[in-house]
Amino acid sequence: MEKVRFGIIGCGLMGKEFVGAAGRWSHLEEPCAAPEIVAICDTNEASFDWFLSRVPSIKYTYTDYKELLKNDEIDAIYCAVPHVLHEKIYVDIIESGKHFMGEKPFGMDMAQNAAIVEAVKRHPESVIRCAGEFPFYPAARMLVNYVKEGKCGRILEVKCGLCHSSDMNPQKPINWKRMIKMNGEYGCMGDLGLHVEHIPIRLGWIPDNVCAKLSNYVTERPDGKGGMAPCETWDNAVLLCDSKDKDGNKFPITFEMKRMQPGATNEWYLEVYGMDMSVKFTTADPNAFYFTEAMGAEQAWCKVIVGNKPQFKTATAGIFEFGFADAILQMWASFMHEIEGHEVEFGCLRPEETVISHKLHTAALRSEKENAIIKM
């Protein structure tokens with residue numbers, strides 16, 4: 001099997017998830033180049049131990065990412081670093097000419113995103129994508145296919161969101177996502193927004209305007225040194241927008257991004273309500289696809305257990321459950337197929353799609369400030 005040699009910049013949670021996906025590569029049934037992790041980079045050398053103890057293919061460790069980018073034995077980069085570092089590091093990665101998978105939001109603000117996208121235009125030879133796992137759930141794919149096939153008829157309304165409760169404890173120590181200088185003014189929108197917007201953007205449901213309801217509930221948290229530090233970024237965001245279907249018919253679409261949602265561990269959901277059929281999916285019930293069936297003037301919700309029927313077939317039997325680690329594997333398989341030059345049914349976010357997200361979030365900040373509906 002052909003190998004694509006990877007360097008990881010940022011040895012944190014998502015870097016570890018990539019290691020897990022690479023370790024399960026033999027589980028994929030379809031021929032596909034395999035990622036081989038040969039180098040890691042982080043300013044904290046203590047983070048290397050976890051990777052070195054589990055990945056025998058790693059030959060190089062760096063504390064300076066620029067030294068990693070000079071290494072000709074590396075074909076592709078995965079980078080997961082705080083938002084404030086995106087513009088500088090992402091542009092340098094892209095200019096190195098290596099394939100690149102980056103994390104959202106592809107720049108801390110619209111100006112930084114523009115600089116990244118301009119660099120992308122200078123390197124059409126590279127496959128450059130933004131990570132996003134949730135659309136790779138089989139039940140989410142079924143929902144997308146129903147919509148693309150026109151089974152819903154005219155769209156009445158769309159609701160989508162990513163909600164968790166990780167910040168519900170006010171005594172949780174502050175982290176970089178609660179600091180404007182590190183996370184940016186988007187707050188939870190920069191952290192969660194592209195996950196929520198991935199499928200709507202891909203389906204062409206681009207917001208025409210936005211009325212934003214942004215909330216910052218916990219204004220200070222323990223600083224880890226015995227004192228308190230200000231929490232500057234938005235905890236929750238609800239964006240009320242208008243969009244249009246492929247026939248130009250207007251419908252409302254709601255985007256929810258919440259770090260403070262009681263009872264939600266990490267729930268991603270998408271609901272599409274249509275004249276002919278409505279469909280919905282939530283990771284709170286990850287193997288189920290819901291759709292309505294008309295009975296005269298009444299509609300009944302029906303539930304189908306989809307099972308393990310992913311975009312890229314695996315050794316796991318179809319009767320078994322599908323989970324987040326499986327979605328990570330599917331996301332990376334999609335990226336690797338694109339590196340090999342293959343078209344994929346549903347791929348990771350493209351750089352030009354991140355531009356739409358930044359326009360939405362920038363308009364949302366203005367909407368909150370002016371208490372107004374802002375045109376995109």
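All values below were derived from every heavy atom in this structure, side-chain atoms included, with hydrogens, water molecules and symmetry-related copies excluded.
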On a heavy-atom basis, which atom in L329 and which in A21 lie closest, and how many Å separate them?
CD1-O, 3.6 Å
Quick one: do H361 and E197 satisfy side-chain hydrogen bond (donor to acceptor under 3.5 Å, both in side chains)? Show the steps, please.
CA-CA 11 Å; H361 298 166; E197 298 145 7; 2.7 Å; yes
Beyond-backbone contact of L239 with L214, side-chain heavy atoms, under 4.5 angstrom:
yes
Counting only heavy atoms not in N371, do more than 12 fall under 6.0 Å of its CG?
no
Do F6 and Y90 land in one hydrophobic cluster if side-chain heavy atoms of ILVMFWY residues count as linked below 4.5 Å?
no
Are M101 and I9 connected into the same hydrophobic cluster when the rule is that any two of I, L, V, M, F, W, Y join if their side-chain heavy atoms are below 4.5 Å apart?
no
Hey, does the side chain of E133 reach the backbone of A327 with a donor-acceptor pair shorter than 3.5 angstrom?
no
Interatomic spacing from CD in E352 to SG in C130 - rounded to 0.5 Å
11.5 Å
Does atom CD of E298 have more than 12 heavy-atom neighbours from other groups under 6.0 Å away?
no
Between F346 and R141, is there a cation-pi geometry (under 6.0 Å to ring centre, at most 45° from the normal)?
no
Ring centroids only, cut at 6.0 angstrom: are Y78 and W332 within range, meaning strictly under it?
yes
Could you tell me whether a side-chain N or O of T283 sits under 3.5 Å from a main-chain N or O of W268, the two making a donor and an acceptor?
yes
Interatomic distance, CE@M277 vs CD@E293, rounded to 0.5 Å, equals 7.5 Å
Assess whether atom CE of M275 is packed by more than 12 heavy atoms of other residues, nucleotides or ligands within 6.0 Å.
no
Side chain of D245, backbone of K250: donor and acceptor closer than 3.5 Å?
no
Test item: side-chain donor near acceptor, E36 and S57, under 3.5 Å
no
G190 versus K104, closest heavy-atom pair with distance
O-CD, 4.1 Å
Any side-chain heavy-atom pair from T316 and H27 closer than 4.5 angstrom?
yes
When you measure from the side chain of N113 to the backbone of F106, do you find a donor-acceptor pair of N or O atoms at a distance under 3.5 Å?
yes
Would you check, one step at a time, whether the test side-chain contact (heavy atoms from CB on, under 4.5 Å) holds for C241 with F255?
CA-CA 8 Å; C241 306; F255 301 95; 3.9 Å; yes
Side-chain (H83) to main-chain (G187) donor-acceptor, under 3.5 angstrom
no
Walk me through whether E95 and R122 qualify under side-chain contact (heavy atoms from CB on, under 4.5 Å).
CA-CA 8 Å; E95 297 292 10; R122 294 192 290 269; 2.5 Å; yes
Indicate, with yes or no, if L68 and F48 share a hydrophobic cluster defined by side-chain heavy-atom contacts under 4.5 Å among Ile, Leu, Val, Met, Phe, Trp and Tyr.
no
Give a yes or no answer on whether the side chain of E340 reaches the backbone of A33 with a donor-acceptor pair at less than 3.5 Å.
yes
Against the six-membered ring of W301, is K280 placed for a cation-pi contact (under 6.0 Å from the centre, within 45° of the normal)?
yes
Check: I74 and Y60 side chains under 4.5 Å, non-hydrogen atoms
no
How about I356 and K359: do any of their side-chain heavy atoms sit closer than 4.5 Å?
no
For F322, is there any backbone N or O sitting under 3.5 Å from a side-chain donor or acceptor partner on N308?
no
For the atom pair CG (L349) and CD (E103), what is the distance rounded to the nearest 0.5 Å?
10.5 Å
Classify the side-chain pair Y269/E256 by whether it contains a donor and acceptor separated by less than 3.5 Å.
yes
Would you check if the side chain of R5 reaches a backbone N or O of D75 as a donor-acceptor pair within less than 3.5 Å?
no
Can you confirm whether C79 sits close enough to I89 that some side-chain heavy atom of one is under 4.5 Å from a side-chain heavy atom of the other?
yes
For the student: nearest non-hydrogen atoms of K98 and N71, plus distance:
NZ-O, 3.0 Å
Would you say the rings of H123 and F100 are close, in the sense that their centroids are separated by under 6.0 Å?
no
Please test F312 against V344 for side-chain contact (heavy atoms from CB on, under 4.5 Å), starting from the C-alpha separation and ending with a verdict.
CA-CA 10 Å; F312 303 99; V344 295; 4.0 Å; yes
Is the shortest side-chain heavy-atom distance between H164 and E267 below 4.5 Å?
no
Evaluate the criterion salt bridge (Lys or Arg N to Asp or Glu O under 4.0 Å) for residue pair R154 and D276; output intermediate values, then yes/no.
CA-CA 7 Å; R154 180 170 176 173; D276 298 337; over 6 Å; no
For Y186 and T362, which I'm curious about, is there any donor-acceptor pair between the side chains at under 3.5 Å?
yes
Less than 4.5 Å apart, side chain to side chain, heavy atoms only: is that true for V272 and W205?
yes
Can you measure from OH (Y65) to CG (D92) and round to the nearest 0.5 angstrom?
3.5 Å
Look at the side-chain heavy atoms of Ile, Leu, Val, Met, Phe, Trp and Tyr, link any pair under 4.5 Å apart, and say whether I37 and I328 land in one connected group.
yes
Within the distance-only criterion (no hydrogens, no angle test), does the side chain of D167 pair as donor or acceptor with the backbone N or O of M260 below 3.5 angstrom?
no
Please determine whether side-chain contact (heavy atoms from CB on, under 4.5 Å) holds for the pair K151 and N145, giving the CA-CA distance in whole Å, both sets of side-chain angles, and the decisive distance to 0.1 Å.
CA-CA 9 Å; K151 291 183 178 180; N145 290 336; over 6 Å; no
For H337 and Q311, does a side-chain donor sit closer than 3.5 Å to a side-chain acceptor?
no
What do you reckon, is CD of E185 surrounded by more than 12 foreign heavy atoms closer than 6.0 Å?
no
Is the count of non-hydrogen atoms from other residues, nucleotides or ligands lying under 6.0 Å from L85 atom CG greater than 12?
yes
Please work out which of the three classes, parallel, tilted or perpendicular, describes the rings of F324 and F134, given edges at 30° and 60°.
tilted
Looking at D72, I'd like to know if its CG atom is crowded, meaning that more than 12 non-hydrogen atoms belonging to other residues, nucleotides or ligands lie closer than 6.0 Å.
no
Grab the two heavy atoms, one from C211 and one from S367, that are nearest each other, plus how far apart they are.
CA-OG, 3.5 Å
According to a hydrophobic-cluster definition based on side-chain heavy atoms being under 4.5 Å apart (Ile, Leu, Val, Met, Phe, Trp, Tyr only), do L194 and M14 belong together?
no
May I ask you to test the Q330-T314 pair for a side-chain heavy-atom distance under 4.5 Å?
yes
For E343, I'd like to know if atom CD has over 12 heavy atoms of other residues, nucleotides or ligands within 6.0 Å.
no
Can a donor-acceptor pair be found, under 3.5 Å and without considering hydrogens, that links the side chain of S126 to the backbone of G97?
yes
Within a 6.0 Å radius of atom NZ on K246, are there more than 12 heavy atoms belonging to other residues, nucleotides or ligands?
no
If you measure only the distance, is there a donor-acceptor pair under 3.5 Å linking the side chains of Y273 and E271?
yes
So, N216 and R178: side-chain donor and acceptor under 3.5 Å apart, yes or no?
yes
Modelled atom types, side-chain donor and acceptor of T63 and E45, under 3.5 Å:
no
Working to the nearest 0.5 angstrom, can you tell me the gap between S243 OG and M376 CE?
9.5 Å
Spacing of T292 atom OG1 and Q299 atom CD [to the nearest 0.5 Å]
6.5 Å
